[in-house]
Student: 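Below: one structure in structure tokens.
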Amino acid sequence: MGNRAAQFVAACLICAVGAEDGGGWSLPADLSLGDEGTCTIEVLDGSELSHQQFIERYAFSRPVVLRGLTDNTKFQRLCSKSSLLEKYGSLKVRLSTANTHSYRKVDVLLQEYVDEFLRPQSEDALGSETLYFFGDNNFTEWQNLFDQYESPPYVLPDTTGAYSFGIAG
């Protein structure tokens, strides 16, 4: 990955754990929020769409989920709950409020965040009252994990990638 670490400063890395059990992140049904309805975003196999077709049909007009463009199986496994807590549980992470400007910042151990903060919030909770671990990472401490992520090959012209890594409930 080399000097791509700098990309993580302004970047968004979303970890979707592919294991059947959700990588250990699943909640009991009684703690889950209700279904908000059917997702209408088109989902395609990446082999069905060339980069040019992606640009022409989707890039600037509508969202699409492209599957199979990269194999992040190893990264997903490393992002399982047990794996992250084993390797990073004793590291401090910075929590931010869920509002646009993230005025409030709180530092806690990752283990403490998972045990005490990571749960569905009340529907009437304000964004300024909800703390998430998302984006404010110490890239040196997390670099070994980030290096395992394979970036998608499709990019928008005249743009650079944006990645962020976090865990939210």
Side-chain angles (χ1 to χ4, degrees), residues 1-39 41 63 65-67 70-152 155-156 159-169:
M1 191 156 159
N3 197 6
R4 291 178 48 197
Q7 292 179 340
F8 284 93
V9 172
C12 176
L13 176 85
I14 299 176
C15 171
V17 178
E20 284 183 33
D21 70 349
W25 293 107
S26 299
L27 290 171
D30 59 327
L31 291 178
S32 298
L33 292 177
D35 184 3
E36 294 185 18
T38 304
C39 177
I41 297 174
V65 174
L66 298 176
R67 296 184 185 215
T70 59
D71 180 5
N72 276 300
T73 305
K74 180 178 180 182
F75 179 76
Q76 291 170 342
R77 196 171 46 252
L78 293 171
C79 289
S80 71
K81 185 176 184 179
S82 61
S83 180
L84 284 177
L85 289 177
E86 180 181 327
K87 180 143 181 138
Y88 302 103
S90 63
L91 292 181
K92 281 195 175 181
V93 294
R94 172 149 293 168
L95 308 182
S96 302
T97 55
N99 61 334
T100 304
H101 300 288
S102 296
Y103 298 111
R104 186 171 163 219
K105 305 279 186 175
V106 176
D107 292 334
V108 299
L109 299 179
L110 178 62
Q111 182 72 57
E112 180 183 359
Y113 172 66
V114 169
D115 292 343
E116 298 179 27
F117 291 88
L118 189 60
R119 63 188 180 284
Q121 301 298 304
S122 167
E123 290 185 26
D124 59 347
L126 299 175
S128 59
E129 297 170 349
T130 306
L131 291 167
Y132 293 105
F133 166 47
F134 188 79
D136 283 337
N137 301 295
N138 178 321
F139 301 110
T140 304
E141 293 177 333
W142 292 84
Q143 190 62 51
N144 288 337
L145 175 65
F146 295 158
D147 284 344
Q148 303 306 310
Y149 180 73
E150 185 179 336
S151 299
V155 296
L156 299 177
T159 65
T160 57
Y163 301 93
S164 183
F165 178 83
I167 303 165

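Just so you know, these numbers come straight off a predicted model, no measurement behind them. Positions are given from 1, in the same order as the sequence printed here.
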Student: Within this structure, what is the NZ-OG1 distance for the pair K105 and T97, rounded to the nearest 0.5 Å?
Tutor: 7.5 Å

Student: Could you report the tightest heavy-atom contact between V93 and Y113, atom names first, then the distance?
Tutor: CG2-CB, 4.4 Å

Student: Quick one: list whatever passes salt bridge (Lys or Arg N to Asp or Glu O under 4.0 Å) with D115, sequence neighbours left out.
Tutor: none

Student: Tell me the salt bridge (Lys or Arg N to Asp or Glu O under 4.0 Å) pairs involving residues 84-96, sequence neighbours left out?
Tutor: R94-D107

Student: Can you name the nearest heavy-atom pair linking N144 to Q148, along with the distance?
Tutor: O-CG, 3.4 Å

Student: For S90, what residues pass the side chain to side chain contact (heavy atoms under 4.5 Å, CB included) criterion, not counting sequence neighbours?
Tutor: none

Student: Hey, what do you get for CG (L85) to CG (L91), rounding to the nearest 0.5 Å?
Tutor: 11.0 Å

Student: Under 3.5 Å, is there a donor on one side chain and an acceptor on the other for D147 and Q143?
Tutor: yes

Student: Taking all non-hydrogen atoms of both residues into account, name the closest pair between E112 and V108 and its distance.
Tutor: OE1-CB, 3.5 Å

Student: Checking the side chain of N138 only, and the main-chain atoms of E141 only, is there a donor and an acceptor separated by less than 3.5 Å?
Tutor: yes

Student: Are the side chains of L84 and W142 in contact, using a 4.5 Å heavy-atom criterion?
Tutor: yes

Student: Identify the residue among Y88, F146, Y149, F134 that makes a ring-ring contact (aromatic ring centres under 6.0 Å, His included) with F165.
Tutor: F146

Student: What distance do W25 atom CH2 and L118 atom CG have between them, rounded to the nearest 0.5 Å?
Tutor: 6.0 Å

Student: Looking at every non-hydrogen atom in both residues, tell me the closest pair between R77 and S83 and how far apart they are.
Tutor: O-CB, 3.7 Å

Student: Please check this pair: side chain of T130 against backbone of L126, looking for a donor-acceptor N/O pair closer than 3.5 Å.
Tutor: yes

